[in-house]
Every structure is written in C-alpha cells, then in structure tokens.
Amino acid sequence: MAAFSDLCVTISQPGTYTLTFTVADQGGTDSDYDSALMVDAVELPSACVASPVRLTDTSGANVEVKSGGVVLSPHFNRQPASSDDGSVITFVSNANLTGDNPNAVEQVFTFASNVYRRLTSFASGTVGRPSITRNGRFVAFASNAPTAGNPDGNSEIYRYDAVTSTLTQVTSTTGCTNGAPSISDDAAGNSIFFETTCNLAGANSNGNREIARWTGGSTFHVTVGSPGSCTSHSPFAAWGTPTTAVFVSTCGFTGAANADGNAEVFRWVAASSPGTYTRITTTTAPAASDAPSITADGAFVSFVSNANLAASNADGSFEVFRWQSSNSSFVQATNDASGLVAYTSARIGGSNGNLIATERLSLLSGTFETSLLTVGGGESVLLTSSDFTLPALAAGASPPAVVFQSSADLRGENPDRNLEIWASDSSVGRVRTYTRSLPPLAILECAGYSQVCECRTPRTTSDDLVVSDPGTVGSLVVSLVVTHTYVGDLIFRLTHVESNITVTLLHRPGVPDPNPSAECGCSNDNLNVVFDATAATAAEMQCPGPPAINGRSRPSTPLSTFAGAPLAGTWRLTAVDMAGQDTGSISSWGMTVTVQ
C-alpha cells in the first residue's frame, strides 16, 4: 500500500464546497486487487502550512534490572528551545541519540547541521527545559544530577559553551531550588535569569521564590518582592538587551506596587540590584496573566491572560496579548469567541514583535494545538496533539519556524507514539549561515593589458572562510557585497579547497567568453547579490544599478556542483579584475548551507 500524502487546497472565496475523491483502477494484470483510496484527517485550517518535520527518531525503552526489580524507562525527547535562525535546536532526551547514553539518563542535546551533540554526561537525575542564546552558542539549563560540583543533587543552574565545549555550574546551593533559566546574548554568556528560593547574595533570606540574574562568577542580582508570602516565576530574557527580562509575580516591587497580590506580568531591568521594575498588567482576581516572553530588543512582550486588557475580551477567556513598551499599549492577538479554547503559551519574535508561536488547549476535547500567529494577520495551525507541545519560535529562520514536542503520529511517522521533537519547516537544525565581514579587502588590479577591457596578466584576490561543522552540503546560497566601479570587469569564484570543487559565481556581466573584441560589459557600479540557483534571473543578465546587480540572482555555473561535498574545510572566494582603470573592494561575503 502506498503511504499517505498530505494535500492542502487554498479556497479564496467563502461558500459551500463539495469534496470529491476519484480512484482510477489500473485494470489489466491486477485483477486480484482493485485500487483504493483512504481519506483521513480532513480539516479546515486557516491557511496551508507545510507538514511538520521530525527532528528526533527514537523508539522503545531502556530496560534495566535494579534492586531486584525491572525498571522500564521509555525514551523521550522534550522541552525544545531554538536559536533565532533555527540553525541550532537544544532539548532534553534520555535516548541514545549519539551512541553514548545507553542507560537512558536525561541529558541535554543539540541538533545542528543535521547532527546530534550531547552536552552533558550525567549519570542520573533530571534536567529542566533548556534555554539558548540567539546565535546558538550558549545553552542554560537546570538539573539535580549529582556531580562533583553538586554532590547533594540539589537543583542547580548550568551553562554550556558550544564553542569551547565547557560546562559551567552557575549556582552551588543546598536546601533550596533553582530552575527555569533564560539566557540572553551577553558576549561571554554571563547573563542568565532564573527562578530561585535560595539566599543568593544574601538577598532572599525568607526563601521566597524570586527571580535572580547571574552576571558571571559569583555575582547575582535578585528581585526583592513583598509581602513575604508572594512568589515570582517564569523569567524570559530579552536576547539583545542582557539586563532585561519579563516574569510573572504576585509580589509588589519598588516603583511597581501590587497591593492585591494578583498574578501580574513585570519587566525587570537588572543592571544592578535591586534594578528597575515596570508593572505591565494591572488586573484583579479572577483575572490572571502567565507565560510571558519578550523580543530581543525588549520593545514587545507577549503573554496569555483572561483579563480584558484591550477592551475586547469581555468573555474572560485566556487569549494572547502583546504589549508595546514605547506607548504601554496592548493588542489582543487572538480572540476565540467560543469560550472553549484557552491559550497556554505565547513565544514572541520578529523585528517588530509580529510573530508569536502559540499553544492552546481545547476545553472540549482536551487536545492541544500549536500555531504560528502573525499579529493582525491570522493564525496557522501546525498540529493537534493530546499533550503539551511547548512550542519554541525561530523567528529569524526562512521561513519563520516553530519547534515543538509531540507524541502524535504526525504523517504516519511516529506509530509508537514516542515523545519526539518536531519543526514546522525542514530547514530547522539543518541550515547554517557563515559570514565574513572584511576591512574591506581591495581587489587587485590587472597587472598588464593590451586593451583596457581585456587583461593579459590578471591577478587573483582571495579570502578564506574556514568551517569546522560536520555534515555534507545539500544546497547553498552565497551572498556577496562589493564596492567597485564598472562591474563588467569582475569574475568571482567559490572553491571548496579540500574537495577541489569550484563554481563560478559571476563572470564579467555583459561580456562574452571568450572576448575577442575586448568588450567592456556592464558599466554600472557595485554588487549586493545573493547567488541562488532558484532565482528567476541570471546575475550576468543584470546591470540596472547601482548596485549593478542587486538581490537574488542565479550564478554563472550551478551551485549544485557542491552537493555531497563536506561542509567542513576551507571555502575560498576568489576575485579577478579583468580590466584596467576601475578599482574596488569586497566588503563582505558568506554562505547559507542546508546540510544533508
């Protein structure tokens, strides 16, 4: 029997439609079996969305004999977090993904360049949901695993540096708990917000659940809330502004009172203790707000609430809201009028806070839906699952993507219903971007020519990009920014040195090859181009300028020549100026590779 195929049809006009299916029997030699069609899961989504792609593929369980009994540990993969561009995914798993976790111990893994990497080597214990920096270098998480630095198995905060392969224990406490870390883009990875009941820096003697910020070494800043019975939770750091985070609290703070002790969303700027607090929501019971997140620049905050914050939630259902810091205004991003849906998670991103990954619970069926929401532009449902999906947003991916956990048998690929990590787009965890910003690099002029537009003694300018990531090339695009008068003089090539594979990106636009009459070609200046095999127009057919060649264009020879080549190695860009008089330089170049 053939496998199921997904089909989504866009209907642009409202009305009544009849869905008709037809099966054509092959006849002839298949007289013992007639063709058949099975139709399953007919839905009416708000938009056609690509089927989710599974990032982990595990099955079964680990069975051990311990203390005279049999211990069964089903394999799972859960609690994903994503770098902004979706190139690095981190998650918790007890599966043997890298061949060195045979005892089904919870570990922290990453998935990047289509390769799994285990970050921890715990012998026992549990791990909380990890957090990752925007560029994917640092991962923060909480664990109660007993180690040399944590012999009592207390719940402590850790940070892993993927560049140096170094695991740092951030907290070292006893008789209290630390959890729910959120890390921001401090260059050294030294800005982590987290929940704590510990008396860090002597600032939490009453053992309240407070929010702390670690800034390297033994330096901590801790929220000081009142009264003594109040609690704070769910910190979320702004990637691009390391001193800033949002959280939920029943406390009041200096400059941000909360007399009735309702659960409110606060913003905390913690450059020092006690920091500056902003109360974002002002509600009274039974209204409550939860699950806050903040954009990288700190300008927008999303959260779920059943309050009537934007005068459009009179029914008191849990909806997604967005707050804008510049004018302290609210937008209600969702509005389900049925009263049968409650939103449970909202992760915001995008340059203007317009993208939100959501999770919502159907109060009728008890199932969860994961969606990608565009504020003011609708919501695309990605899946329906019987359990929490804990979505993470890769707003900088192309297209923007959502990463989530699910035990659903999506696309018939998970019949054992293991808890797996999925993504809404196949590029997630498989696309890596590498860039070179140059001083700029001067392009060497022709050393000798008989005619101004035909060099007899060309010189080569080159720049190397060294990649250490594993995997093989599936496809790639190349970006190039050049300041140069008369781009018809220029030839650019890209070479993977170790494989001795070369592709010509640009060959003198407007100049024939060979060039017996010494034509000069495109007379306009500058390049700001992305060489992409799928582009509609060839680079050498353009010369509008300036820049003479701008945007996505096809290269002179196919980039598919690199398919199957190792990603690791030296990638060399070479430039040749084939004419005299006009000069210029390379400002930057790079490549975005889909790893297979």
Side-chain angles (χ1 to χ4, degrees), residues 78-79 81 90 92 108 125-132 138-145 150 152-159 168-184 190-215 218-238 242-253 256 258 261 263-270 273-275 277 280 288-294 301 303-304 344-347 388 390 392:
R78 56 177 173 79
Q79 298 178 310
T90 186
V92 178
V108 180
T126 60
V127 180
R129 186 175 188 177
S131 171
I132 192 169
F138 295 101
V139 175
F141 58 91
S143 177
N144 63 2
N150 186 29
D152 61 352
N154 206 46
S155 179
E156 306 289 1
I157 304 297
Y158 295 84
R159 185 205 65 194
T168 299
Q169 184 173 327
V170 170
T171 60
S172 182
T173 57
T174 302
C176 54
T177 61
N178 307 281
S182 183
I183 190 168
S184 57
N190 288 346
S191 182
I192 302 175
F193 291 84
F194 58 96
E195 297 176 6
T196 186
T197 62
C198 304
N199 191 21
L200 299 172
N204 189 26
S205 58
N206 62 4
N208 267 15
R209 183 162 59 148
E210 301 279 4
I211 307 301
R213 179 188 177 221
W214 176 68
T215 58
S218 58
T219 303
F220 297 92
H221 305 303
V222 184
T223 57
V224 181
S226 61
S229 59
C230 69
T231 61
S232 301
H233 63 89
S234 303
F236 196 101
T243 61
T244 303
V246 290
F247 61 93
V248 177
S249 184
T250 60
C251 304
F253 304 94
N258 187 19
E264 307 287 2
V265 177
F266 291 83
R267 183 180 63 180
W268 184 33
V269 180
S273 293
Y277 301 91
I280 293 176
S289 304
D290 204 355
S293 65
I294 187 169
V301 175
F303 55 94
V304 298
T344 55
S345 180
R347 293 292 180 98
F388 288 104
L390 302 181

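If you read the sequence from its start, that first residue is 1, and numbering goes on from there. Only this structure's heavy atoms are used, side chains among them; waters, hydrogens and symmetry mates stay out.
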Straight-line distance of Ile192 CD1 to Arg159 CZ, nearest 0.5 Å: 6.5 Å
Distance-minimising heavy-atom pair for Pro292 and Val246: CB-CG2, 3.8 Å
Nearest non-hydrogen partners of Ala245 and Ala237, listed with the distance: CB-CA, 3.9 Å
Ala392 versus Ala81, closest heavy-atom pair with distance: CB-CA, 4.0 Å
Heavy-atom side-chain proximity of Asn150 to Tyr158 below 4.5 angstrom: yes
Glu195/Thr177 under side chain to side chain contact (heavy atoms under 4.5 Å, CB included): CA gap, chis, key distance, verdict: CA-CA 8 Å; Glu195 297 176 6; Thr177 61; over 6 Å; no
N/O donor-acceptor pair under 3.5 Å between Ser131 side chain and Ile183 backbone: yes
Thr223 side chain near Tyr277 side chain, heavy-atom distance below 4.5 Å: yes
Verdict with reasoning, Phe236 to Phe303, per side chain to side chain contact (heavy atoms under 4.5 Å, CB included): CA-CA 11 Å; Phe236 196 101; Phe303 55 94; over 6 Å; no
Parallel, tilted or perpendicular, as decided by the 30° and 60° cut-offs, for the rings of Phe193 and Trp268: perpendicular
Nearest-0.5 Å distance that lies between atom OG in Ser232 and atom CZ in Arg209: 8.0 Å
Pairwise side-chain contact, Pro130 with Val92, heavy-atom cut-off 4.5 Å (strictly under): yes
4.5 Å side-chain heavy-atom contact, His221 and Thr215: yes
Check: Asn208 and Cys230 side chains under 4.5 Å, non-hydrogen atoms: yes
Plane angle bin for Phe247 and Phe253 - parallel if under 30°, tilted between 30 and 60°, otherwise perpendicular: perpendicular
Distance-only side-chain donor-acceptor flag, Asn144 / Thr126, under 3.5 Å: yes
Distance (rounded to the nearest 0.5 Å) between Thr250 OG1 and His233 NE2: 7.5 Å
pair Phe220-Asn204: side-chain heavy atoms closer than 4.5 Å: no
Side-chain (Asp290) to main-chain (Val304) donor-acceptor, under 3.5 angstrom: no
Thr196, Asn178, Asn199, Thr197 screened by side-chain hydrogen bond (donor to acceptor under 3.5 Å, both in side chains) with Thr173, the one that passes: Asn178
Side-chain donor/acceptor of Ser191 to backbone N/O of Thr243, under 3.5 Å: no
Distance-minimising heavy-atom pair for Ser184 and Pro242: OG-CA, 3.2 Å
Side-chain donor/acceptor of Thr171 to backbone N/O of Ile157, under 3.5 Å: yes
Nearest-0.5 Å distance, OG of residue Ser172 to CG of residue Asp152: 8.0 Å
Heavy-atom pair with the smallest gap, counting every atom of Val127 and Ser143: CG2-OG, 3.9 Å
Shortest non-hydrogen contact between Ser249 and Cys251, atoms and distance: OG-N, 2.8 Å
